[in-house]
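Sequential numbering from 1 along the given sequence is applied to the chain's residues.
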Amino acid sequence: MNKPEILAPAGGMDSLTAAVRSGADAVYLGATCFSARSSAQNFSEDELKSAVDYCHLHGAKAYLTLNTLIFDSEMNSALNLAFTAYNTGIDALIIQDLGLADILRKELPDLPLHASTQMSVHSPEGAKFLRDLGFKRVVLSREMTLEEIKAVKDACPIELEIFVHGALCMSVSGQCYFSAMLGGRSGNRGKCAQPCRLPFKLAGGSDYALSLKDNSLVDHLDKLAEIGVHSLKIEGRMKRPEYVASTVKACREKLDFGFITDGTKKALEGVFSRTGFTDGYLTGHRGYDMFGYRRKEDVVSATDKLLCEIENSYRKELSHIPVDLTFTAKLSEKPTLVITCGEHKIALQSETLTEKALNRPLSREKIREQLSKTGGTPYLVNSITIDTDRDISLPVSVLNELRRNALSRLSTERCKTHRTEKKPPEYTVGKAYTPEKSLSKRARFNDSDIPDCFKDFELCFVPLFTKEQELKRLVDEGFSLGVEIPRGLFSREEKVKNALKTAKELGITHALVGNLGGINPAKDLGFTLHGDFGLNILNTAAIDFLEETGFADTTLSLEISEPQAKKLSGKLPRGLVTYGYLPLMLTRNCPGNTRNEGCKSCNRRKILQDRKGMSFIFTCDGNCTEILNSAVLFLGDKLETLSFADFHMLRFSVENSVEKVENSRKYSSEHLISGSFTRGLLTRGVK
C-alpha cells in the first residue's frame, strides 16, 4: 500500500524540532511575510536556512508557505523570498496567488509548486488545470468526502495533500471575505481575525453557528493511503509544539502499526479541541454534530502534567537515519573509516599510524563499541564492517575522532542544496490600463427572474442549473445571457458539463467562472470565459495569466482598493462588483444545520445574528451555502471614479423583482439607495 508522508506544521523552530523528532516526514513553515498564518512565530531568512538544513539532516522535507494574495507593490518582495527559499534548498513552495505562481513556474521550473488549499480546488477538473500548469501537488479543500478525493485521484496523476487534523474554517478556504469586510483584515492575506469563532445566533439553533469542531481523520489514514493520497497534513502553525508532537505521533502510530495507543489518543484529545473532533466532511455526515467551539473544559484539559509528558517524548534527539560503517586498519598504515547513509558516502583517513600491540591488542568488540556511539546525532548504526590485522594497537581517541568527523562530514553533505544559485527577476508593471470603451453594465442573478429593464445590460448571468425552459425564455425575450458556474463544484462536475452543453445548444456562449475547476469544462465547449471575484485577482501578473489562459475579461477581487486597481497594467479588460449583498463565506456545511432539523425544514434563506444584533442572510443551493454581508454594497454614485474599469457588476442574491428594478434605476440616476449600505473595500482596502 502507498505510505503517505506525514506533513506537520512548524510555526517556529521549537515546533519544527518537535515535529521531526516525533516522526514527521515533512514540515511546512512560513516566513515573516506572505504567510497565511502571519500571527505565527514564523522564520526569518537566516532562520529559514537553519530550518531547511535541520529537516534535510534528519531526512525530512521542508515546504515554504508563500500562500497569500500579492499586490503589485509586493511582488518583488515575494519573488525575493521565493528565490531565497530556492537557494536554501526548500523542497517546494505552497502558493495561492495565480500571478506569483505563473512567474515562478517560468523562472524556477525545477522547484516544485504545491497549490495551496486557498486556491479552492475540490474537483477533478480543478486538479487537472493545475497539473497542466506544472503544479506537482494540490492541497484539496477540507470539505471533500472520501469518494470525492478518490475521484480526483483517479482522474489526475497530481499529488494530493489532505488535511487530516486541526481547525476547520467554516468557509471553503480562499472564499472567505468575512474578516476583510468586517475589519479590513484579510484571511487571503494571512490576517484573519477569526470572526466566525464569535457568537452567531440562528433562531432555534446554536449560538456558534459559524464555528466547527476540529477536524480529525486519524482513524481514516489507512483509507486515504489506499486511494493514493500522497501527503497527510496537520493544521496548526499557531499552536504549541506539544500539539504538533502529539498529532504527529498519532499519525505515525496509525500508519506504522494500524492503531493508536491509548496514551497517544489521550494526549491528542487533551492538548487541543473544540468540543471534541469531527470527521463529518470525509464521511459525508455533514450536520449538527460538526459544530463546536472552544469551551473552558477544552482549555483546562491541556494540563501542565500532560504538556510536560508530551515535551519529554521529543526532548532527546531522534536517532533514526540508518548508516553503514566500514573500518579498515592495517599494520603501519593509516586507518580509514567509510560511512554511508545510502545517498551519501564519506571516507576519512586518520593521520595516526596503526602499530603492533605490545600488551593488549585492539579488539573488534572495542572497535564496534566506539564506532556505535552516535548519541546526540540523527544517525543510527545499521551495520559495521571491520577489516583489521591481528594484534594491532590504536588509541581509542583515534576511533572517536574518525567517527565524529565522518558523521559531521556526512551531515554537511546531507544539507547541501546542489542547486545553482539564482537571482529573482525584476517585476515591473507597465503603464496603467486604460479601457477602450465607456463603463458598461452587467448583472448577476441567483434566479431566472430578470425584469425587462436589464435588457440593455451588456451581460446578465443566471445560475448554470437554471431550468432549460427558463433559459430559452430569457434568450427568446432578448436578454444578453450568460451562465454562472457555481464556485462550489463538489461532486457536481458531470452535472456542470451537461448543463453547459444544454446552455450552449440554446445559443448561450458566455460563462462566469469563479473557480479553477470551471475553466476547462467551459473552455472545451467554446464558451467565452469571464473571470469572477472568486479567482481573487489582485495583481497584473494574475491578469496576464488569465489572458494567456483564454479569458475575455475578469472581475477583480473584492479586496482590491481603488488606488491599487488604478495602477494595474495588462491588456485584459477588467471590472468590479458595485452592488449587492456580497458573499462573505462559501460553506459546505450550512449554519441551518445547528437547528438539527436537516434540510427538509429549510426554506434555503435564513438569517444569522451576531452579538451586536447585525443580521446576515444565508442562502443555500442544496450543495453549498453563501453567507451574505449584513449591508448591501452600493457604488452607484461613484461610477465616474471607475475610469480604470471596463464594466461594473450588479449582484442580485436576495432581492425581489421590485427591488431589482428600483436598485437598477438608482444606478441610472446616480441616487443613493434607501437604507444602510456599505462602500465595501474599494475605499478601505485590506491589510
Side-chain angles (χ1 to χ4, degrees), residues 5-22 24-70 74-97 100 104 108 111-114 116-118 137 139 161 166-167 187 189-192 231 233-245 247-248 314 317-318 378 411 414-417 419 421-424 687:
E5 73 176 13
I6 296 173
L7 176 57
M13 198 63 196
D14 289 343
S15 291
L16 185 144
T17 302
V20 173
R21 289 183 177 177
S22 300
D25 300 299
V27 300
Y28 63 102
L29 60 155
T32 53
C33 53
F34 309 120
S35 165
R37 293 293 182 268
S38 62
S39 297
Q41 182 180 341
N42 292 317
F43 293 78
S44 67
E45 289 188 3
D46 290 339
E47 292 169 337
L48 180 61
K49 172 62 176 171
S50 298
V52 173
D53 285 351
Y54 185 87
C55 289
H56 290 173
L57 176 61
H58 291 77
K61 292 183 177 181
Y63 310 138
L64 179 69
T65 57
L66 214 166
N67 59 341
T68 64
L69 297 179
I70 312 292
E74 302 168 324
M75 190 63 77
N76 277 313
S77 295
L79 289 171
N80 286 336
L81 175 57
F83 274 71
T84 295
Y86 173 85
N87 293 331
T88 63
I90 202 77
D91 294 287
L93 295 179
I94 304 174
I95 304 291
Q96 175 187 10
D97 192 278
L100 177 63
L104 291 177
L108 296 174
L111 178 61
L113 296 183
H114 295 178
S116 170
T117 190
Q118 292 287 120
R137 179 184 298 184
V139 188
E161 184 172 300
R189 306 250 308 145
K191 305 289 186 181
C192 182
S231 182
K233 188 172 194 173
I234 299 165
E235 182 278 336
R237 280 190 288 142
M238 294 174 63
K239 294 191 176 74
R240 59 199 315 157
E242 293 87 350
Y243 163 88
V244 175
T247 50
V248 169
Y314 64 85
E317 179 64 270
L318 177 65
S411 295
R414 289 176 65 83
C415 293
K416 284 185 177 179
T417 66
R419 286 175 178 164
E421 186 168 324
K422 295 185 178 181
K423 294 183 179 181
K687 295 180 181 178

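Put simply, the side chain of Phe34 reaches to within 4.5 Å of the side chain of Ser77, judged on heavy atoms. Side-chain contact check for Arg237 versus Asn42: some heavy-atom pair is nearer than 4.5 Å. In this structure, the side chains of Pro424 and Asn76 stay at 4.5 Å or more apart for every pair of heavy atoms. Side-chain contact between Val27 and Val20: present, with at least one pair of heavy atoms (C-beta onward) separated by less than 4.5 Å. The closest side-chain heavy-atom distance from Lys239 to Thr247 is not below 4.5 Å.
Expressed to the nearest 0.5 Å, how far CG of Leu111 lies from CG of Asn87 amounts to 10.0 Å. Atom CD1 of Ile94 sits about 7.0 Å away from atom NE2 of His114, to the nearest 0.5 Å. Interatomic distance, CG of Leu66 versus OG of Ser35, reported as 8.5 Å (0.5 Å rounding). The distance from the OG1 atom of Thr88 to the CG atom of Leu48 is 4.5 Å, given to the nearest 0.5 Å. Distance check, rounded to the nearest 0.5 Å: CE of Met238 to OG of Ser15 gives 12.0 Å.
In this structure Tyr28 satisfies the ring-ring contact (aromatic ring centres under 6.0 Å, His included) test with no other residue, sequence neighbours excluded. The side chain to side chain donor-acceptor pair (under 3.5 Å) search around Lys61 returns none, not counting sequence neighbours. With sequence neighbours left out, Lys687 forms a salt bridge (Lys or Arg N to Asp or Glu O under 4.0 Å) with no residue at all. Under the rule for a ring-ring contact (aromatic ring centres under 6.0 Å, His included), the partners of Tyr54 that lie at least two apart in sequence or sit in another chain are His58. Qualifying side chain to side chain donor-acceptor pair (under 3.5 Å) partners for Ser50, counting only residues two or more places apart in sequence or in other chains: none.
Between Ala19 and Val248, the closest heavy-atom pair is O-CG1, 3.9 Å. The minimum heavy-atom distance between Leu93 and Ile90, with the atom names listed, is CD2-CG2, 4.2 Å. In plain terms, the two heavy atoms of Leu29 and Ala10 that are nearest each other are CB-O, 3.6 Å. Heavy-atom minimum distance, Ala8 versus Ala24: CB-CB, 3.9 Å. Taking all atoms of both residues into account, the shortest heavy-atom contact from Tyr63 to Ala26 is CE1-CB, 3.9 Å. Scanning both residues, Tyr243 and Gly166, for their nearest heavy atoms gives OH-CA, 3.4 Å.
The local environment of NZ in Lys49 is crowded, with over 12 non-hydrogen atoms from other residues, nucleotides or ligands closer than 6.0 Å.
Formation of a donor-acceptor pair under 3.5 Å by the Gln96 side chain with backbone atoms of Ser116 is not found in this model. Side-chain N or O atoms of Asp14 include none that pairs as donor or acceptor with a backbone N or O of Pro241 at under 3.5 Å. Listed for the Arg189 side chain is no donor-acceptor partner under 3.5 Å among the backbone atoms of Thr68. Checking side-chain atoms of Arg137 against main-chain N and O of Glu161 turns up no donor-acceptor pair under 3.5 Å. Here the side chain of Asp25 pairs a donor or acceptor atom with the backbone of Ile6 at under 3.5 angstrom. A donor-acceptor pair is defined here as one N or O able to donate and one able to accept, closer than 3.5 Å; such a pair exists between the side chain of Arg414 and the backbone of Leu57. Side chain of Thr84 to backbone of Asn80: a donor-acceptor contact under 3.5 angstrom is found.
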(request) For side chain to side chain contact (heavy atoms under 4.5 Å, CB included), just list the numbers for Thr117 and Lys233, CA-CA rounded to whole Å, side-chain angles, deciding distance to a tenth of an Å, and then say yes or no. (result) CA-CA 11 Å; Thr117 190; Lys233 188 172 194 173; over 6 Å; no
(message) Checking Leu79 against Leu104 for the side chain to side chain contact (heavy atoms under 4.5 Å, CB included) test, could you report, in this order, the C-alpha distance in whole Å, the side-chain angles of both residues, the deciding distance, and whether it holds?
(response) CA-CA 8 Å; Leu79 289 171; Leu104 291 177; 3.9 Å; yes
(message) Using side chain to side chain contact (heavy atoms under 4.5 Å, CB included), reason through Val244 and Tyr314 one step at a time and then give a plain yes or no.
(response) CA-CA 11 Å; Val244 175; Tyr314 64 85; over 6 Å; no
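Ile95 pairs in a side-chain contact (heavy atoms from CB on, under 4.5 Å) with only one of the listed residues (Leu64, Leu113, Thr65), which is Leu113.
Sequence neighbours left out, not one pair with a member in residues 80-93 passes salt bridge (charged side-chain N to carboxylate O under 4.0 Å, His left out).
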